[in-house]
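Written out below as structure tokens is the structure these notes cover.
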Amino acid sequence: MTTTTATEFAPGLAIQGFTPPLTLSDFKLIAFDMDSTLINIECVDEIADAVGRKAEVAAITEAAMRGEITDFKDSLRRRVALLRGVTVADMEQVYTERLRINPGAAELVNACKAAGLKVLLVSGGFTFFSERVRQTLGIDFTRANVLEVESGPNCGQLTGGLVDQSWGDICDGAEKRRTLLEVASLLGIEPAQCIAMGDGANDLPMMGAAGLSVAYHAKPAVRAKAMVAINEGGLDRLLEVLR
């Protein structure tokens, strides 16, 4: 990613490091962060509300997304530990009452698929939500973290831990980058043919590996490095620089 001075391409839409328009069909994969990018909430913060820990968890989330906490894995473990006792029913309530797909997400995903791109959701959040978002938007590939649920007497409650997966323990910034490159390799394409879109510091590694990096209503450090910064409006504003 470049760090040259961004210019305002249109109100609320800044670009740097390239001359628009680019051709959408020249790209073959688009990778999205989930929380605060494809969806309107930080799921971990809203889950924490069920046990009265939202303010405490949200403070850690904000610091991590701004890049003030550099160890994302540690920050996520700390937040998940505070979720102990949350029930699956509580998470269901978060999904039905609080989670919304962000404006322009469906339009952008559909335009990308129509142009022949595959779609990847790669999240430091949780599969409970990412799998539903995948189904809603018709996403091809996902990677996210698995919350551990109690069995036995406390069946249906979170333990405060995460379940290790075949690829590793936690999907952090490094894992997001690795996943983008892995999927690109599976598709037989170059990183330059990938678009990566996010809002927080843990999205920067994958954004740096992609041919086009996009910040969506992002933290200042992410906006400063992205080739496209959507500061107002929906996700589909990316189509203003892609034809």
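Values in this document were obtained by computation on a predicted structure and should not be read as measured data. Every heavy atom of this structure was used, including side-chain atoms; hydrogens, water molecules and symmetry mates were not.
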Within this structure, what is the [atom1]-[atom2] distance for the pair [X] and [Y], rounded to the nearest 0.5 Å?
X: Q135; Y: T142; atom1: CD; atom2: OG1; answer: 9.5 Å
X: E182; Y: R143; atom1: CD; atom2: CZ; answer: 5.0 Å
X: M34; Y: I41; atom1: CE; atom2: CD1; answer: 8.0 Å
X: L99; Y: I39; atom1: CG; atom2: CD1; answer: 4.0 Å
X: I230; Y: I15; atom1: CD1; atom2: CD1; answer: 12.0 Å
X: R243; Y: S25; atom1: CZ; atom2: OG; answer: 13.0 Å

Contact check, side chains of [X] and [Y], non-hydrogen atoms, under 4.5 Å:
X: L38; Y: N102; answer: no
X: D90; Y: V51; answer: no
X: V88; Y: Q93; answer: no
X: L137; Y: I101; answer: yes
X: F72; Y: M65; answer: yes
X: E42; Y: E46; answer: no

Could I get the full list of side chain to side chain donor-acceptor pair (under 3.5 Å) partners for [X], not counting sequence neighbours?
X: R132; value: E92
X: S130; value: none
X: E68; value: none

Which residue pairs pass the salt bridge (Lys or Arg N to Asp or Glu O under 4.0 Å) test when at least one of the two sits in [range], sequence neighbours left out?
range: residues 14-40; result: D33-K176
range: residues 145-159; result: R84-E150
range: residues 230-241; result: R237-E240

Given 3.5 Å as the limit, does a donor-acceptor pair link the side chain of [X] with the main chain of [Y], or not?
X: T159; Y: G161; result: yes
X: R53; Y: A48; result: no
X: N145; Y: V163; result: no
X: S185; Y: L181; result: no

- Test M207 against K225 for side chain to side chain contact (heavy atoms under 4.5 Å, CB included), laying out the working first. CA-CA 9 Å; M207 290 169 66; K225 294 184 177 181; over 6 Å; no
For [X] and [Y], which heavy atoms make the closest approach, and how far apart are they?
X: W167; Y: A144; result: CZ2-O, 3.4 Å
X: L235; Y: A105; result: CD1-CB, 3.5 Å
X: I170; Y: E175; result: O-CB, 3.9 Å
X: G233; Y: H217; result: O-NE2, 2.8 Å

Apply side-chain contact (heavy atoms from CB on, under 4.5 Å) to [X] and list each qualifying residue two or more places apart in sequence or on a separate chain.
X: E62; answer: R66, K219
X: D164; answer: D169
X: A14; answer: A6, A229, N231
X: A174; answer: D172

Sequence neighbours left out, cut at 3.5 Å: what donor-acceptor pairs do the side chains of residues 107-129 make with other protein atoms?
residue : atom : partner : partner atom : Å
N110    : ND2  : A106    : O            : 3.1
K113    : NZ   : G138    : O            : 2.5
S123    : OG   : G125    : N            : 2.7

- May I have the step-by-step check of side chain to side chain contact (heavy atoms under 4.5 Å, CB included) for L29 and V183, ending in yes or no? CA-CA 9 Å; L29 176 69; V183 173; 3.9 Å; yes
- Item | Atom CZ of R177: over 12 foreign heavy atoms under 6.0 Å | no
- For the residue pair Q157 and T87, confirm or rule out a side-chain donor-acceptor distance under 3.5 Å. no
- Query: Is F18 reachable from L238 through a run of hydrophobic residues whose side-chain heavy atoms are each under 4.5 Å from the next?
  - Reply: yes
- Report whether I47 and V146 are members of the same hydrophobic cluster (ILVMFWY, side-chain heavy atoms less than 4.5 Å apart, transitive linking). no
- Message: Quick test of your reading of the model: are R98 and D49 salt-bridged, counting only N-O distances below 4.0 Å?
- Response: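 Yes, R98 and D49 are salt-bridged.
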- Item | Steps toward side chain to side chain contact (heavy atoms under 4.5 Å, CB included) verdict (L22, F27) | CA-CA 9 Å; L22 300 175; F27 296 94; 4.1 Å; yes
- Task: Report the C-alpha separation of L242 and L212 in whole Å, then their side-chain angles, then the decisive distance to 0.1 Å, and conclude whether the side chain to side chain contact (heavy atoms under 4.5 Å, CB included) test is met.
- Result: CA-CA 11 Å; L242 290 165; L212 184 67; 4.2 Å; yes
Which donor-acceptor pairs under 3.5 Å do the side chains of residues 187-202 make with protein atoms, sequence neighbours left out?
residue : atom : partner : partner atom : Å
Q193    : OE1  : E190    : N            : 2.9
D199    : OD1  : T37     : OG1          : 3.1

